[in-house]
Amino acid sequence: MEVRGIGLHSGAPVCLRILPASVGSGIVFRRIDLDGFQVEAVSRNVARVSYATSLMKKGVLISTTEHLLSALIGCGIDNAIVELDNLELPILDGSARPFVEAIRKAGIRKQRRPRTYLRIRRKVELREGDKFIAVYPAETYSVAYTIDFRHPLIGRETFRVDLSDGNYVEQIAPARTFGFLHEADAMREQGLIRGASPENAVVLTRDEVMNPPLRFGDEFVRHKVLDLIGDLALFGKQILGSVVADRAGHAMHAALVSRVLKDHTLWEETTVEDDRDSAPAMAHPAVQMA
């Protein structure tokens, strides 16, 4: 599959292709403009995590990875090669839906080896002021997120999704990134959002949405769930655990992954028996792009 667009922050044009990968490869980014240099989508390669999650290996940058990684997790894809010809992934419409649609159109192939999961064995909780993120042992993978913005159309919103129930495509993937018009100039002065527009983000003035309608009444918190799922893909495996976040953000998402992986008593690798009555979506074998 192939998609073209511009980067949200760089504004640079980019072409992206997703190719098949062998069992156990994980998700690997390949810069075809730099002799095919590869950067694995794992925690050790996390570079910058302010307004997006970027990866870097030996000075080679892969920027704004979270939406595609979220789509891959949501579609149940463990192994894929992502080729791109620039440093930043395309923002498309600001959500994961175009990636999901392209992946489904291309097709997904099951692989013969059972999927290996990272099962959370003990709770991990991180706090930073009023920000919070935690993961707890569970038999499936679920995410709950709370946001709190001083804006009349947002305020405090909470959303939870169980990724074993197949609802990612309908409930999470369409939720778009969002930003505030009064912050735009300052962000551009920092070299950010050069590719942002009403076509790829929900834009809020101080009291309304500049480009309605919203896709969900709580689209804002659903997009934070989308981002979190993408950032947690940097575990390198799909997890079995319950994640709870409150106003966390990309940096805390990455910090949770790093904290868990550094302590081998907190997790174990496991497979899940193919018992469709008890865990229909978590029991599928590993899959890749066809």
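All of these numbers come straight from a predicted model, not from anything done at the bench. Values below: every heavy atom of this structure, side chains too, minus hydrogens, waters and symmetry copies.
- What you find for H250 and T53 is that their closest heavy atoms are ND1-OG1, 3.2 Å.
- If you take OG on S164 and CG on D162, they are separated by 3.5 Å, rounding to the nearest 0.5 Å.
- Taking the side chain as every heavy atom from C-beta outward, I193 and R188 approach each other to under 4.5 Å.
- Within 6.0 Å of CZ in F132 there are more than 12 heavy atoms belonging to other residues, nucleotides or ligands.
- The shortest distance between side-chain heavy atoms of L84 and L89 falls below 4.5 Å.
- For the pair E128 (side chain) and M252 (backbone), a donor-acceptor distance under 3.5 Å is absent.
- Considering CG of L68 and CD1 of I91, their distance stands at 11.0 Å, rounded to 0.5 Å.
- With sequence neighbours left out, R194 forms a salt bridge (Lys or Arg N to Asp or Glu O under 4.0 Å) with no residue at all.
- The hydrophobic cluster containing V225 also contains L214, counting ILVMFWY residues as joined when their side-chain heavy atoms lie under 4.5 angstrom apart, directly or transitively.
- Taking the side chain as every heavy atom from C-beta outward, T177 and D227 never approach each other to under 4.5 Å.
- Judged by distance alone, with hydrogens and angles left aside, the side-chain atoms of T205 form a donor-acceptor pair with the main-chain N or O of E208 at under 3.5 Å.
- Side chain to side chain, E268 and T270 fail the donor-acceptor criterion of an N or O pair below 3.5 Å.
- Within the 4.5 Å cutoff, side-chain heavy atoms of Y141 are placed close to those of V243.
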* Can you list the steps and then say if L61 with S54 is a side-chain contact (heavy atoms from CB on, under 4.5 Å)? -> CA-CA 7 Å; L61 186 66; S54 300; 3.9 Å; yes
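- Under a 3.5 Å cut-off, the side chain of S70 and the backbone N or O of L226 do form a donor-acceptor pair.
- V23 is not listed as a side-chain neighbour of R112, based on a closest heavy-atom distance of 4.5 Å or more.
- To the nearest 0.5 Å, atom CG of residue L92 and atom NE2 of residue H67 are 10.0 Å apart.
- Between F180 and H182, the ring planes are tilted. Angles from 30° to 60° get that label.
- Between D263 and the choices R122, R121, K123, the salt bridge (Lys or Arg N to Asp or Glu O under 4.0 Å) rule is met once, by R122.
- Across every non-hydrogen atom of V46 and A254, the tightest pair is CG1-CB, 4.4 Å.
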* **Intermediate values then yes/no, side-chain contact (heavy atoms from CB on, under 4.5 Å), L266 and H264** => CA-CA 5 Å; L266 298 175; H264 284 251; over 6 Å; no
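- The minimum heavy-atom distance linking A71 with Y168 is given by the pair N-OH, 3.4 Å.
- The distance from atom CD1 of I133 to atom NE2 of H253, rounded to the nearest 0.5 Å, is 5.0 Å.
- The list of salt bridge (Lys or Arg N to Asp or Glu O under 4.0 Å) pairs with a residue in residues 212-221, not counting sequence neighbours, reads D93-R215, R176-E219, D218-R222.
- Comment: D85 does not engage R4 in a salt bridge, judged by the lack of any side-chain N to carboxylate O separation of less than 4.0 angstrom.
- When the side chains of ILVMFWY residues are joined at heavy-atom separations under 4.5 Å, either directly or via intervening members, L87 and V39 end up in two distinct hydrophobic clusters.
- Residues F159 and I172 have side chains in contact (heavy-atom distance under 4.5 Å, counting atoms from C-beta outward).
- Of the inter-residue distances, the one linking E83 atom CD with L19 atom CG reads 4.5 Å to the nearest 0.5 angstrom.
- Between the side chains of E125 and Y136, a donor-acceptor pair is found at a separation under 3.5 Å.
- Formation of a donor-acceptor pair under 3.5 Å by the N211 side chain with backbone atoms of V203 is found in this model.
- Within a 6.0 Å radius of CD in Q190, other residues, nucleotides and ligands contribute more than 12 heavy atoms.
- Annotation for D35: atom CG does not count as buried by contact number, only 12 or fewer foreign heavy atoms lying within 6.0 Å.
- Shortest non-hydrogen contact noted between G26 and N79 is N-OD1, 2.9 Å.
- In the hydrophobic clustering of ILVMFWY residues, with side-chain heavy atoms under 4.5 Å counting as a link, L163 and L228 come out together.
- Between the side chains of E269 and T116, not a single donor N or O lies within less than 3.5 Å of an accepting N or O.
- Both V143 and I147 are assigned to one and the same hydrophobic cluster, defined by single-linkage of ILVMFWY side chains at heavy-atom distances under 4.5 Å.
- Hydrophobic clustering, with ILVMFWY side chains joined whenever heavy atoms are under 4.5 angstrom apart, groups V3 together with I18.
- Taking 4.5 Å as the limit, every side-chain heavy atom of T158 sits out of range of all side-chain heavy atoms of V221.
- Among R156, K224, R127, the one residue that satisfies the salt bridge (Lys or Arg N to Asp or Glu O under 4.0 Å) test with D246 is R156.
- The two residues A248 and K131 have their closest heavy-atom pair at O-CD, 3.7 Å.
- The shortest distance between side-chain heavy atoms of I154 and L204 falls below 4.5 Å.
- For the residue pair L69 and A41, the shortest heavy atom distance occurs at CD2-CB, 4.0 Å.
- Here the CD-CG distance, from E40 to N45, works out to 5.5 Å after rounding to the nearest 0.5 Å.
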